[in-house]
Amino acid sequence: MQLKDNKHIGIGFRKDFSEELLDSTILKPAFIELAPENWIGMGGYWKKQLDKAAEKFPISCHGLSLSIGSPDDLDLDFLYKIKKFIKQYNVQIYSEHLSYAKCDNAHLYDLLPIPFRKDAVEHIIARIKQVQDILEMPLAIENVSYYTPVAAEMDEATFISEIVNGSGCNMLLDVNNVYVNSFNHNYNAKEFISKLPLNKVSYIHMAGHEQISDTVIIDTHGEAVIEKVFELFEYTTALLKPVPVLLERDFNIPELEELQTELTRMETIVSKTWKKEHVIA
Amino acid sequence: MSLLKESTREQQSKLAEYCKTGIVPELTGILEENLHHYRRLVFNIGIDTIETAYPITYRFLPDEVWDKLVYEFYAEHKCQTPQVWRMPLEFYEYCVEKDIQGKLNLPFLNDLLYFEWLELEVHTMDDIPYPSFDTEGDLLNNLLAINPEHKLVKFTYPVHILAATELEGKEGNYFLLMYREKESGKVQCMDVSILYAYILEQIQNGLTLHAVLTDADSLFQINNFEMLKEHAINFINDLKQRQFILGFLNA
């Protein structure tokens, strides 16, 4: 993806601040990311905003409803709509969550944890390959935050690694999700990251979260990124080749200056570890 | 062919069902104290989406009635669209299918919900190509070009005119023209009479205004073509000013 101004850090394109982002110069992301589900088939005012955004920024897509881990069949009609959208907006990165959002023919619109099991690994590998064949591009699969495992027979890092390596897909490494899971499930975040297929990481997510009790953090995307996640980000980027990095902020949107401060901080971190890269594969 | 074992599928199915109904299932190897977060997160997304789409109905119905309705919808209905912003249409369809208006003795509820959905739909619906048109022409004898991004609908209750609390006993025939302004994307609403709804429908079907009025004069038993023509031209000119009538279709 050709990034703006040789920078690496993008921001989630949200309707809540789309007008400000497009009309002001306060926020200077290298690219924007959007969920195709929220824009496919939409016309009128929002289509105009999307087209303006596409003129101004490179776009990456982060899906919500593909439901790669679902027991249900893939929704091929929907997948072809995504393919058309990706082509229309010259999208170079399409990522999805390693979770399921549809089951027994009902969409739930949230990310449910897949049992970490061998048969689920094989099931998902086959589905990722099918998706990549249809889209004619690699899928980047994201490690999700989860609040309980379900019927696990292997650890999370093994589950992710086997899927990424077996399918040939890329990995979207969500650093905040690693932090959230390490807190909720009491493991060492750095050790977890070292077990992931880091050579396949093509994209990073950063976000804020909310700690709601002594033992639980919820991945809200509604707060600023905390210091410990920045530290984990710095540690992680030192292990990786340069890739695009995305700040997710979906709720409780602050002034754009605050968002830019977070982007700048991330850019400063990666500029130290990655030096100057122009084009990111 | 799925590579999932039945036991894995069953665990996934149970978790999903729990998120829909809130009825705690028997799941293997879970953190029981954290399970409720999934129900809460899934349900909140559903509630927020429906309440945002139907703000008038949400405010009008008593809290306990609304909460029960949304709870039952989420528990009973299998949402089909992968696009959550389209899900409120399924909520409306569910209410119609389950005759919620009959059960609540609110005979205008379907109209009210549909009116609210329509506003969302017209605002967001995919762009429709505008016809090629001229600004100069003969209003009576040239084919008129109309804004294609519109809906002309009939209601049994004047949900687009009166507050929900004033609808009882107002049963009748009401017509709403709802359209999207090309440049701003704003949605405009206009109450129209049955005569003008007929005229718009026939223009849309490709008749000239003169032909439509000739038919309407006898159909509505007006028997005064000149008076009908004068009123209709005023109506059409008003719609031109509102940029709903764009001009005259190119041959």
Side-chain angles (χ1 to χ4, degrees), chain A residues 36-49 63-67 69-73 75 77-78 81 100-115 117-127 146-153 184-185 212-213 215-216 218, chain B residues 1-20 27-46 49 74 77-87 90 122-128 149 180-187:
Chain A
E37 289 85 351
N38 292 341
W39 299 91
I40 287 172
M42 194 168 267
Y45 173 78
W46 290 117
K47 171 73 161 54
K48 286 189 176 76
Q49 290 293 95
L64 298 168
S65 296
L66 187 60
S67 201
S70 173
D72 292 9
D73 289 341
D75 184 344
D77 180 52
F78 173 58
K81 284 180 183 167
Y100 68 109
K102 185 188 179 201
C103 191
D104 299 327
N105 194 31
H107 280 278
L108 296 158
Y109 310 113
D110 205 359
L111 310 172
L112 305 190
I114 305 164
R117 290 177 157 195
K118 188 66 184 170
D119 60 315
V121 168
E122 288 166 1
H123 174 68
I124 294 166
I125 286 173
R127 287 160 71 91
Y146 63 103
Y147 309 110
T148 174
V150 177
E153 293 176 351
N184 289 345
H185 305 295
I212 60 167
S213 73
T215 55
V216 178
I218 300 290
Chain B
M1 188 188 73
S2 174
L3 298 170
L4 277 183
K5 288 179 182 170
E6 190 51 40
S7 61
T8 304
R9 176 188 293 271
E10 188 182 67
Q11 292 289 313
Q12 293 189 263
S13 181
K14 281 182 177 178
L15 177 59
E17 189 63 15
Y18 165 66
C19 291
K20 279 166 62 64
L27 285 164
T28 307
I30 59 164
L31 292 172
E32 283 184 21
E33 66 274 23
N34 285 354
L35 190 63
H36 69 280
H37 293 304
Y38 282 106
R39 163 69 172 165
R40 179 175 61 81
L41 293 168
V42 166
F43 199 61
N44 284 350
I45 288 170
T49 304
Y74 232 70
H77 178 71
K78 291 176 182 288
C79 291
Q80 294 298 295
T81 176
Q83 298 181 272
V84 68
W85 58 278
R86 293 187 195 271
M87 182 265 275
E90 295 185 30
V122 172
H123 186 255
T124 55
M125 67 185 180
D126 218 344
D127 292 345
I128 300 172
E149 294 173 337
R180 187 164 78 196
E181 290 180 347
K182 185 178 171 68
E183 294 308 318
S184 71
K186 285 182 183 167
V187 174

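Scope of the values below: all heavy atoms of this structure, side chains included, with no hydrogens, waters or symmetry mates. Quantities reported herein were computed from a predicted structural model and do not represent experimental measurements. Throughout, protein chains are lettered first and strands after them, A, B, ... in sequence-line order, and every chain is numbered starting at 1.
Heavy atoms closer than 4.5 Å to chain B are found in the side chain of A:Ile212, but not in its backbone. Looking at A:Asp73, there are no atoms closer than 4.5 Å to chain B (heavy atoms on both sides), in backbone or side chain. Contact annotation for B:Ile30: both backbone and side-chain heavy atoms come within less than 4.5 Å of a heavy atom of chain A. When heavy atoms are compared at a cutoff of 4.5 Å, A:Val150 approaches chain B by way of both its backbone and its side chain. Proximity to chain A (any heavy atom under 4.5 Å) is restricted, for B:Ile45, to the side chain, taken from C-beta onward. The contact between A:Ala126 and chain B is made entirely by side chain atoms (from C-beta outward), counting heavy-atom distances below 4.5 Å. For chain A, the nearby part of B:His37 is the side chain; its heavy atoms alone come within less than 4.5 Å. Interface remark: A:Lys102 contributes no atoms to any contact with chain B (heavy atom separation under 4.5 Å). Interface remark: B:Phe43 contributes no atoms to any contact with chain A (heavy atom separation under 4.5 Å).
Annotation: the span from B:Gln83 atom CD to A:Lys81 atom NZ amounts to 6.5 Å, rounded to 0.5 Å.
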List the steps, then state whether side chain to side chain contact (heavy atoms under 4.5 Å, CB included) holds for B:Thr81 with B:Glu90. CA-CA 8 Å; B:Thr81 176; B:Glu90 295 185 30; 3.2 Å; yes

If you apply the rule salt bridge (charged side-chain N to carboxylate O under 4.0 Å, His left out), what do you find for B:Asp127 with B:Arg180, and how did you get there? CA-CA 10 Å; B:Asp127 292 345; B:Arg180 187 164 78 196; 3.0 Å; yes

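When the candidates A:Asn105, A:Leu111, A:Leu64 are compared by the number of heavy-atom contacts under 4.5 Å with chain B, A:Asn105 comes out ahead. With chain B as the partner, the residue from A:Ser213, A:Pro71, A:Ala106, A:Cys103 showing the most heavy-atom pairs under 4.5 Å is A:Pro71. The residue among A:Tyr147, A:Tyr109, A:Tyr146 with the most heavy atom pairs within less than 4.5 Å of chain B is A:Tyr109.
Contact record, B:Met87 with B:Cys79: CG-SG, 3.7 Å, taken as the closest heavy-atom pair.
Aromatic rings of B:Tyr18 and B:Tyr38 (six-membered ring for Trp) have centroids beyond the 6.0 Å cut-off, not under it.
Within a 6.0 Å sphere centred on NZ of B:Lys186, heavy atoms belonging to other residues, nucleotides or ligands number 12 at most.
Checked by atom type and distance alone, the side chain of B:Lys14 never pairs as donor or acceptor with a backbone atom of B:Leu27 at under 3.5 Å.
Inter-residue side-chain proximity for B:Cys19 and A:Leu112 is flagged as met; some heavy-atom pair is nearer than 4.5 Å.
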